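Letters go in sequence order (proteins before strands), and every chain restarts at 1. None of the values given here were measured: they were computed from a predicted structure.
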Amino acid sequence: MVNLKNKIEQSNKKNISLPISRVRLIMKSSPDVSSINQDALFLTTKATELFVQHLAVSSFNNGSGKETNSLSYSDLANTAEETETFHFLTDILPKKILARDYLKSLEQMQEEEADY
Amino acid sequence: VNLQMDGDSSTTDASQLGITGEYGHYVLQSQDDESLNDHEDGGVKENYREQDIYLPIANVARIMKNAVPQTGKIAKDAKECVQECVSEFISFITSEASERCHQEKRKTINGEDILFAMSTLGFDMYVEPLKLYLQKFREAMKGEKGIPGVAVGESLGDELTDDSFTNPLPAGIITADGQSQNVMVYTTSYQQIPTVQQIQFS
């Protein structure tokens, strides 16, 4: 845990590493956005950095990362579902399931329902 | 339930590929391919969506890499995925901020709108650190004399070019695409603020 905190500290010392012009482009693609002041742009860019760190760390810790020491797509998808803050991502982070597994669990569920 | 068995998993649009219902959203993964997902995102999306503009994956990947333990690995599809999440996040915050702005009959989204949006949307843990960063940023901007037209706040106007960032900061530059110059965005008198570092994301 200490290592992770140090990592975040270290990266916070550096300059912002995201292109502001691109952030602005994304912001402007939202409907009804006319203009964005400098503070807003800066804050959004910096917040995005924090968001990436936050999502990466949460997913890494939350998922299989601790054992496998790696971050996978499913770690992200699981975190989006389980963590309230990241719920807004569930539409773009669907969990992947093999068809046969889905069918199996569907069967099981139907069996359970039949018991009632 | 209509199961689609094609192996094409190049879209994450759950409504097209997915099975929704009691299990939440799923997309089908082709049976042979467990490890997978190369998102191939140069990918043609049929409908233009605001999320189709992304931040460069190299930048995103670098931030992720710095966040996880040094020896940790990050799957390629995870990086691509976070890239998409980032655009989603920006849009998410921006629409909320924009709405508040309109409600108050203003045209320009300002810093307060953004901070308020974060708080409303569950990111209030970012707010305090962001305020501190903003303070430092403003100090850095003010510190530079003789640069016309660089003012903090509403008067700056909307058409903000990268130049307005690169010129006035003696000690720091917010980098434009690809140009990494390793300087701080703070004045030389910057002192590390301990409270800023206390973001625990675990």
Side-chain angles (χ1 to χ4, degrees), chain A residues 1 3 7-9 11-12 15-23 25-27 29-30 32-44 46-58 60-61 69-73 76 81 84-85 88-92 94-99 102, chain B residues 3 12 14 18 25-29 31 37 50 53 55 59-60 63-64 66-69 71-75 77-78 81-82 84-92 94-95 98 107-111 114 122 126 130 133-134 137 154 156 158 160 162 172 174 176-177 183-185 197 201-202:
Chain A
M1 202 50 62
N3 283 335
K7 280 295 167 212
I8 293 175
E9 284 175 11
S11 53
N12 280 344
N15 56 308
I16 293 182
S17 52
L18 295 170
I20 290 198
S21 53
R22 192 75 65 87
V23 173
L25 206 59
I26 298 172
M27 291 178 83
S29 70
S30 267
D32 298 329
V33 169
S34 43
S35 51
I36 305 158
N37 92 350
Q38 182 190 31
D39 285 357
L41 192 51
F42 172 81
L43 286 172
T44 306
K46 197 64 196 167
T48 303
E49 228 178 72
L50 297 179
F51 173 77
V52 173
Q53 292 169 346
H54 187 184
L55 182 58
V57 168
S58 296
F60 189 89
N61 289 338
N69 204 32
S70 66
L71 178 61
S72 67
Y73 174 90
L76 292 165
E81 190 163 302
E84 178 104 21
T85 311
F88 74 101
L89 295 170
T90 46
D91 276 352
I92 65 170
K95 289 200 220 176
K96 296 187 173 130
I97 185 172
L98 291 176
Y102 177 78
Chain B
L3 295 183
T12 53
H25 288 121
Y26 288 99
V27 288
L28 288 178
Q29 188 176 14
Q31 306 228 345
N37 205 30
E50 59 202 23
I53 308 172
L55 293 180
N59 301 61
V60 172
I63 300 174
M64 290 175 77
N66 287 335
V68 301
T71 53
K73 287 180 265 280
I74 303 173
D77 58 349
C81 167
V82 171
E84 289 177 26
C85 292
V86 159
S87 294
E88 189 79 15
F89 171 75
I90 294 173
S91 299
F92 193 42
T94 304
S95 356
S98 174
K107 283 191 183 167
T108 305
I109 299 179
N110 64 27
I114 298 289
Y126 298 176
L130 285 176
Y133 279 118
L134 183 63
F137 175 69
E154 293 274 352
L156 185 63
D158 28 344
L160 199 61
D162 288 332
I174 300 171
D177 300 16
V183 290
M184 307 282 288
V185 186
Q197 323 300 0
F201 290 140
S202 53

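Here B:Ser95 contributes atom OG and A:Met27 contributes atom CE; the two are 9.5 Å apart, rounded to the nearest 0.5 Å. Note that the CD atom of A:Glu49 and the OG atom of A:Ser17 stand 4.5 Å from one another [nearest 0.5 Å]. Residue B:Leu134 holds its CG atom at 8.5 Å from CD of A:Gln38, rounded to the nearest 0.5 Å.
Considering B:Asn110, B:Ile114, B:Ile109 in turn, B:Asn110 is the only one that fulfils the side chain to side chain contact (heavy atoms under 4.5 Å, CB included) rule with A:Asn37.
Interface residue A:Leu76: only side-chain heavy atoms are found under 4.5 Å from chain B. Contact of B:Thr71 with chain A is made through backbone and side chain together, with heavy-atom distances under 4.5 Å. With a 4.5 angstrom heavy-atom cutoff, A:Leu89 touches chain B only via side-chain atoms.
Between chain A and the residues B:Ile90, B:Val60, B:Ile74, B:Val82, the most heavy-atom pairs under 4.5 angstrom are made by B:Ile90. For the set B:Cys85, B:Gly72, B:Ala75, the entry with the most heavy-atom pairs within less than 4.5 Å of chain A is B:Cys85.
The aromatic rings of A:Phe51 and A:Phe88 sit tilted, their planes meeting at an angle between 30° and 60°.
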